[in-house]
Amino acid sequence: LLSLTTVMAQSPRAVIKSIVDGDQQKAQEKLEKINLKTRNEMPEMCILVEAALLSMESQSDENKLRGYEMLATHIGAIRSSIDIEKTFKGSDITFDELVALIEKNSLSVVMTKDDEATYRSYIALAKRGEHSNLESVATALEENIYKRVMSKRSVDECSAFLDEFPQSKHSAEVDAHRTSLRYDEAMATT
């Protein structure tokens with residue numbers, strides 16, 4: 001029984017079980033116990049479980065974003081790994097569900113920050129990482145910029161918005177705001 005526990009503690013599958021159970025400390029301990037041989041034989045699965053551990057609900061916002069960055073950076077190798085089936089066989093979570101969990105937890109950080117720079121850097125990662133909710137991030141960025149543009153009195157910022165988001169549902173409103181600003185500028189110079 002002891003040797004079985006040791007073997008389980010040295011596999012990505014054991015880390016995934018602790019992640020599914022929501023036990024960050026146990027998942028961390030099991031990740032640290034994965035031996036060098038396993039890390040060399042299953043590097044993609046080790047990266048995946050580390051990304052998942054960093055993305056757990058109880059982790060800091062910074063860690064959640066780092067976890068998604070790890071996933072996005074290595075997603076091609078992870079998806080093509082021959083070890084996916086072996087790692088997830090009999091697990092309480094599928095590979096796609098684990099990826100979705102990493103995406104969801106990192107995305108919630110970005111949405112909470114509601115910051116243009118954060119959206120832009122996350123979108124760059126999300127494109128590389130084949131994020132399943134890329135469209136919602138892009139929409140949130142658009143909404144963030146729209147609010148900023150409408151709260152300012154800048155013709156240039158209105159034009160930049162219309163150039164970047166020509167198909168936006170807010171195009172007519174931003175264009176009307178720009179027209180009003182141009183009218184105000186023209187009246188101020190006469």
Side-chain angles (χ1 to χ4, degrees), residues 8-35 38-39 41-148 164-165:
M8 288 299 291
Q10 296 178 348
S11 73
R13 181 190 296 204
V15 179
I16 291 170
K17 180 175 178 2
S18 294
I19 290 169
V20 169
D21 293 343
D23 192 335
Q24 178 183 330
Q25 183 177 348
K26 194 174 271 186
Q28 180 68 43
E29 290 169 2
K30 289 180 179 185
L31 179 65
E32 290 169 3
K33 289 180 182 177
I34 294 176
N35 63 27
T38 301
R39 289 180 189 277
E41 290 175 355
M42 305 173 74
E44 299 87 3
M45 294 302 99
C46 291
I47 290 169
L48 175 63
V49 295
E50 186 173 351
L53 172 64
L54 287 170
S55 299
M56 287 181 72
E57 196 72 40
S58 55
Q59 291 278 12
S60 69
D61 289 352
E62 182 181 309
N63 280 350
K64 289 176 187 175
L65 293 175
R66 271 192 23 232
Y68 181 68
E69 183 176 6
M70 284 180 73
L71 176 70
T73 301
H74 301 282
I75 192 67
I78 292 169
R79 283 193 193 283
S80 63
S81 173
I82 59 171
D83 297 314
I84 289 176
E85 189 176 330
K86 178 173 39 171
T87 301
F88 287 89
K89 187 176 183 179
S91 178
D92 292 338
I93 193 169
T94 67
F95 169 74
D96 290 331
E97 289 170 335
L98 186 62
V99 169
L101 183 68
I102 296 168
E103 290 177 344
K104 178 183 85 74
N105 288 343
S106 63
L107 181 58
S108 71
V109 171
V110 174
M111 296 299 215
T112 301
K113 287 185 184 249
D114 194 31
D115 170 70
E116 182 178 343
T118 304
Y119 283 128
R120 288 192 187 281
S121 65
Y122 192 79
I123 287 172
L125 272 177
K127 286 177 181 175
R128 188 171 73 203
E130 305 167 14
H131 199 296
S132 61
N133 289 319
L134 179 58
E135 191 174 308
S136 67
V137 184
T139 300
L141 169 65
E142 178 186 329
E143 291 297 318
N144 178 277
I145 295 172
Y146 162 74
K147 290 176 200 167
R148 179 178 48 80
E164 185 171 1
F165 305 105

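Asn133 places no side-chain N or O within 3.5 Å of a backbone atom of Ser136 that could act as its donor or acceptor partner. A donor-acceptor pair under 3.5 Å links the side-chain atoms of Gln59 to the main chain of Leu53, judged by distance alone.
Between the side chains of Glu32 and Gln28, at least one donor N or O sits under 3.5 Å from an acceptor N or O. There is a side-chain donor-acceptor pair under 3.5 Å between Arg128 and Thr73. Side chain to side chain, Thr38 and Asn35 meet the donor-acceptor criterion of an N or O pair below 3.5 Å.
Applying the ring pair (Phe, Tyr, Trp, His ring centres under 6.0 Å) test to pairs two or more places apart or on separate chains, those with a residue in residues 75-94 are Phe88-Phe95.
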- [ ] Evaluate the side chain to side chain contact (heavy atoms under 4.5 Å, CB included) criterion for residues Met56 and Leu54: first the C-alpha distance (whole Å), next the side-chain angles of each, then the deciding distance (0.1 Å), finally the verdict.
- [x] CA-CA 6 Å; Met56 287 181 72; Leu54 287 170; over 6 Å; no
Open item on the list: Pair Glu44, Arg79 - check salt bridge (Lys or Arg N to Asp or Glu O under 4.0 Å), show working.
Closed with: CA-CA 9 Å; Glu44 299 87 3; Arg79 283 193 193 283; over 6 Å; no
TODO: Check the pair Asn63 / Ser55 against side chain to side chain contact (heavy atoms under 4.5 Å, CB included), numbers first and verdict last.
DONE: CA-CA 6 Å; Asn63 280 350; Ser55 299; over 6 Å; no
- [ ] Report the C-alpha distance between Ile145 and Tyr119 in whole Å, list the side-chain angles of each, state the deciding distance to 0.1 Å, and finish with yes or no for side chain to side chain contact (heavy atoms under 4.5 Å, CB included).
- [x] CA-CA 10 Å; Ile145 295 172; Tyr119 283 128; over 6 Å; no
TODO: Start with the C-alpha gap between Thr112 and Asp61, add the side-chain angles, then the distance that decides, and say whether side chain to side chain contact (heavy atoms under 4.5 Å, CB included) holds.
DONE: CA-CA 10 Å; Thr112 301; Asp61 289 352; 5.8 Å; no
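The structure places CD of Glu29 at 13.0 Å from CD1 of Ile34, a figure rounded to the nearest 0.5 Å. Note that CE of Met111 and OG of Ser106 are 10.5 Å apart. Values are rounded to the nearest 0.5 Å. The distance from the CG atom of Leu107 to the OG atom of Ser132 is 8.5 Å, given to the nearest 0.5 Å. Here OG1 of Thr87 is found 5.5 Å from CE of Met45. Values are rounded to the nearest 0.5 Å. Annotation: the span from Lys33 atom NZ to Ser11 atom OG amounts to 12.0 Å, rounded to 0.5 Å. The distance from atom CG of Leu134 to atom NZ of Lys127, rounded to the nearest 0.5 Å, is 6.5 Å.
Side-chain contact between Glu57 and Lys64 is present, with heavy atoms from C-beta onward closer than 4.5 Å. No side-chain heavy atom of Glu135 sits under 4.5 Å from any side-chain heavy atom of Val137. When side chains are defined from C-beta on, Pro12 does not count as touching Val15, because their heavy atoms never get closer than 4.5 Å. Counting heavy atoms from C-beta outward, Thr94 and Val99 have side chains that stay 4.5 Å or more apart. Using a 4.5 Å cut-off on side-chain heavy atoms (C-beta onward), Val20 and Leu98 make no contact. Side-chain atoms of Leu141 and Tyr122, non-hydrogen and from C-beta on, never get closer than 4.5 Å to each other. Using a 4.5 Å heavy-atom threshold, the side chains of Leu101 and Lys104 count as touching. Using a 4.5 Å cut-off on side-chain heavy atoms (C-beta onward), Arg13 and Lys17 make no contact.
Using a 4.0 Å cut-off between a side-chain N of Lys or Arg and a carboxylate O of Asp or Glu, Lys113 and Glu62 do not qualify as a salt bridge. Ionic pairing of Glu143 and Lys147 is not present here: no N-O contact between side-chain nitrogen and carboxylate oxygen is shorter than 4.0 angstrom.
Of all heavy-atom pairs between Ala52 and Ile19, the closest is CB-CD1, 3.6 Å.
Paired with Tyr68 under the rule side chain to side chain contact (heavy atoms under 4.5 Å, CB included), one option of Asn105, Val109, Leu125 passes, and it is Leu125. Checked against Leu48 for a side chain to side chain contact (heavy atoms under 4.5 Å, CB included), the options Ile75, Asp83, Ile78 give a single hit: Ile78.
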